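Quick note on labels: first sequence line is chain A, next is B, and so on, each numbered from 1. Model, not experiment: these values are computed from the prediction.
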There are 2 protein chains.
Amino acid sequence: MLRVSKLTDYAVVVLSRLEAEGGVQTAPGLASATGLGEPTVAKVLKMLAQAGLVEGLRGARGGYRLTRPLAQLPLSEVIVAIDGPIALTACVDGGFGLCEAEHVCPVRGRWDPVNAAIRGALSAITVAEIAAPKGLVPTLPPPVPVLVAE
Amino acid sequence: MLRVSKLTDYAVVVLSRLEAEGGVQTAPGLASATGLGEPTVAKVLKMLAQAGLVEGLRGARGGYRLTRPLAQLPLSEVIVAIDGPIALTACVDGGFGLCEAEHVCPVRGRWDPVNAAIRGALSAITVAEIAAPKGLVPTLPPPVPVLVAE
DNA sequence: GCCAATCCGGACCAGTAAGGTCCGGTTTCC
DNA sequence: GGAAACCGGACCTTACTGGTCCGGATTGGC
């Protein structure tokens, strides 16, 4: 656990491609460019558009466009857009203790500082940093298939 | 997403109780003290024992004991003990790109710095900090049941 | 003015993993 | 010798992710 969803991973890839190419690009185009499934890419784009990280242009000749350069886009925003609010535990955030069974629920940990620390760490990293440091490297040289220790 | 499992939450509660009371305590005792299910508490304790965060004493008059004060126990260790290694995405860590389909997998993001940042943030927080800042507050005063906006 | 391309919003289903429980075995104290 | 407790699993149910698909709305081109 403590994972982000695959969609978030895809989002970074798509955003990276979006910036590398520049301009307006269609969902099918991005799908073939990234090698991901077309419906999946469309889903990711829709989520990013709802969050305002990309702009969707409808109609023929439509597509998606970045609203910000990736260097100004903290990773935390992408995660929030795809995975929802960053809260490590279920019953926190707002913290009125309104669990279903508040009087029974013994989990009175203060996870808020933890959440804040995670948010801080994730806000300090931009998508540009993890997308592709210097240009895209679509394929690595095939490594020697050594025996992988399980 | 980006959640830790409930077991991790329980672990913090159990550890907190373990330190508050001091000495050796049994799984059933901790269960009733925390209000959690007995098998669940036992499961958490077993995991913590395997990770060396608590010490299990077998036999009658057995139980569990802390191996370290909580102030010296970073939260990251608890998370690793319960949730496994901290790696936000599936195909990272070690990073030989040995996904099942490496030549197809377009996810070439560098998540390693992100993982490192998360680990750093989680290592800087001790269990003592989130467990119960000043003594246990087992029950909050019942808040006025205002209408909760959905 | 019609048609095609494209985004939009949702419903839908299969696979996986968390959450929680239970059982037999072993160790230790009374 | 018996009871109390830990140990190491297996087991099942539920929820959610991951991925696909469809009808509707919008816009540009012929």
Subject >> Whole angstrom value for the distance that separates C1' of C:dA17 from CD1 of B:I82 >> reply: 16 Å
**OP:** Taking all non-hydrogen atoms of both residues into account, name the closest pair between B:R68 and B:P74 and its distance.
**Re:** NH1-CD, 4.3 Å
Original post:
Nearest to the side chain of A:Y64 - D:dT20, C:dC8, D:dC6?
Top reply: C:dC8
Subject >> Closest to side chain of A:T26, choosing from D:dG19, C:dT6, C:dG20 >> reply: C:dT6
Original post:
What is the distance, rounded to the nearest whole Å, between atom NZ of A:K43 and atom C1' of C:dC13?
Top reply: 11 Å
Subject >> Contact under 4.0 Å: A:Q50 side-chain N or O vs C:dG9 OP1/OP2 >> reply: yes
Subject >> Nucleotide nearest B:P39 when distance is taken to its side chain, options D:dC6, C:dT21, D:dT20 >> reply: C:dT21
Original post:
Which sits closer to the 5' end of DNA chain D, B:A49 or A:A60, going by the nucleotide each is nearest to?
Top reply: B:A49
Subject >> Whole-Å gap separating P (C:dT28) and CG (B:L57) >> reply: 10 Å
Original post:
Does B:T40 make a side-chain N or O approach to OP1 or OP2 of C:dT21 shorter than 4.0 Å?
Top reply: yes
Original post:
Roughly how many Å is it from CG in A:L7 to C1' in D:dG18, rounded to a whole number?
Top reply: 7 Å
Subject >> Atom-pair distance (NZ on B:K46; P on C:dG25), nearest Å >> reply: 16 Å
**OP:** For A:R61 and for B:V4, find the nucleotide of DNA chain C with the closest heavy atom, then tell me which residue's nucleotide is more 5'.
**Re:** A:R61
**OP:** Look at B:Y10 and C:dG19 and indicate whether a side-chain polar atom (N or O) is within less than 4.0 Å of OP1 or OP2.
**Re:** no
Original post:
Considering only D:dG28, D:dC7, C:dG9, which nucleotide approaches the side chain of B:R58 most closely?
Top reply: D:dC7
**OP:** List the steps, then state whether side-chain hydrogen bond (donor to acceptor under 3.5 Å, both in side chains) holds for B:D9 with A:T89.
**Re:** CA-CA 7 Å; B:D9 204 345; A:T89 54; 4.6 Å; no
Original post:
Side chain of B:T8, backbone of B:I79: donor and acceptor closer than 3.5 Å?
Top reply: no
Original post:
Whole Å only: how far is the CE atom of A:M1 from the P atom of C:dT16?
Top reply: 17 Å
Subject >> Considering all heavy atoms, the nearest B:S5-B:D83 contact >> reply: OG-OD1, 2.5 Å
Subject >> With A:V44, the side chain to side chain contact (heavy atoms under 4.5 Å, CB included) member among A:L7, A:V78, A:T34 >> reply: A:L7
**OP:** Send over the distance from A:K6 NZ to D:dT20 P, rounded to a whole Å.
**Re:** 11 Å
Subject >> Distance in angstrom units between A:E38 CD and C:dT6 C1', rounded >> reply: 11 Å
